[in-house]
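Contents: one structure, followed by commentary.
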Amino acid sequence: KAHINILPSFNSTGIKIKLLNALFNGRHCIVNAAAIDGTGLELLCHVANDSSAFKKIIADLYDLEFTTNDQELRKEILLSKYNNEENARRLIQWIY
């Protein structure tokens, strides 16, 4: 139920489960470039790469509402790529 999720990463080795969880269940997400490298999730996150940028984004988001439009955009982007049912169908077709 956090209003702001802060999720820096120290390596850029694929999608982070903690990031997906925060995007599916949370509100604002602040990450660094390594956390979203190659994920296609840049539009859903606020990116900061040093401590002063993290502080500024936190201050900017503190009172910023997470709107219905934000939720819809997030749902559209996430479900186009990270939809368990659709991905399971693709795997089944690939196997058979």
### Set of side chain to side chain contact (heavy atoms under 4.5 Å, CB included) partners for Asn25, sequence neighbours left out
Asn21
### Task
Tell me, please, which residues at least two apart from Asp50 pass side chain to side chain contact (heavy atoms under 4.5 Å, CB included).
Ser52, Ala53
#### Entry: Members besides Ile95 in its Ile/Leu/Val/Met/Phe/Trp/Tyr cluster (side-chain heavy atoms under 4.5 Å)
Ile92, Trp94, Tyr96
#### Entry: Minimum-distance pair of heavy atoms, taken over all atoms of Cys29 and Leu7
SG-CD1, 4.5 Å
## Note on the structure
Sequence neighbours excluded, the answer for side chain to side chain contact (heavy atoms under 4.5 Å, CB included) partners of Thr67 is Glu65, Asn69, Asp70
### Query
Taking ILVMFWY side chains as joined if any heavy atoms are under 4.5 angstrom apart, and letting links pass through other members, which residues group with Phe66?
none
### Task
List the atom of Gly26, the atom of Asn5, and the distance in Å for their closest heavy-atom pair.
CA-ND2, 4.1 Å
#### Entry: Partner set under side chain to side chain donor-acceptor pair (under 3.5 Å) for Lys56, not counting sequence neighbours
Asp60
#### Entry: Criterion side chain to side chain contact (heavy atoms under 4.5 Å, CB included) on Asn11 and Lys16, from CA distance to verdict
CA-CA 10 Å; Asn11 59 52; Lys16 309 298 185 267; 3.7 Å; yes
### Task
With sequence neighbours left out, write down each residue that passes side chain to side chain contact (heavy atoms under 4.5 Å, CB included) with Leu79, or none if nothing qualifies.
Phe24, Lys75, Asn83
### Query
Linking Ile, Leu, Val, Met, Phe, Trp and Tyr through side-chain heavy atoms less than 4.5 Å apart, which residues share a cluster with Ile4?
Ile6, Ile30, Phe54, Ile57, Ile58, Leu61, Leu64
### Query
Side chains of Cys45 and Leu23: closer than 4.5 Å at any heavy-atom pair?
yes
### Message
Count I, L, V, M, F, W, Y as connected when their side-chain heavy atoms are under 4.5 Å apart, and connections chain through other members. Are Leu41 and Ile17 then in the same cluster?
### Response
no
### For Asn49, side chain to side chain donor-acceptor pair (under 3.5 Å) partners two or more places apart
none
### Task
If a pair satisfies salt bridge (charged side-chain N to carboxylate O under 4.0 Å, His left out) and one of its residues is in residues 18-40, list it, with sequence neighbours excluded.
none
### Message
Suppose we screen for salt bridge (Lys or Arg N to Asp or Glu O under 4.0 Å). Which residues come up paired with Glu86, at least two apart in sequence or across chains?
### Response
Arg89, Arg90
### Task
Go through the structure and list residues passing side chain to side chain donor-acceptor pair (under 3.5 Å) with Asn84, not counting sequence neighbours.
none
### Query
Which atom names give the shortest non-hydrogen contact between Ala34 and Ser9, and what distance separates them?
CB-O, 3.7 Å
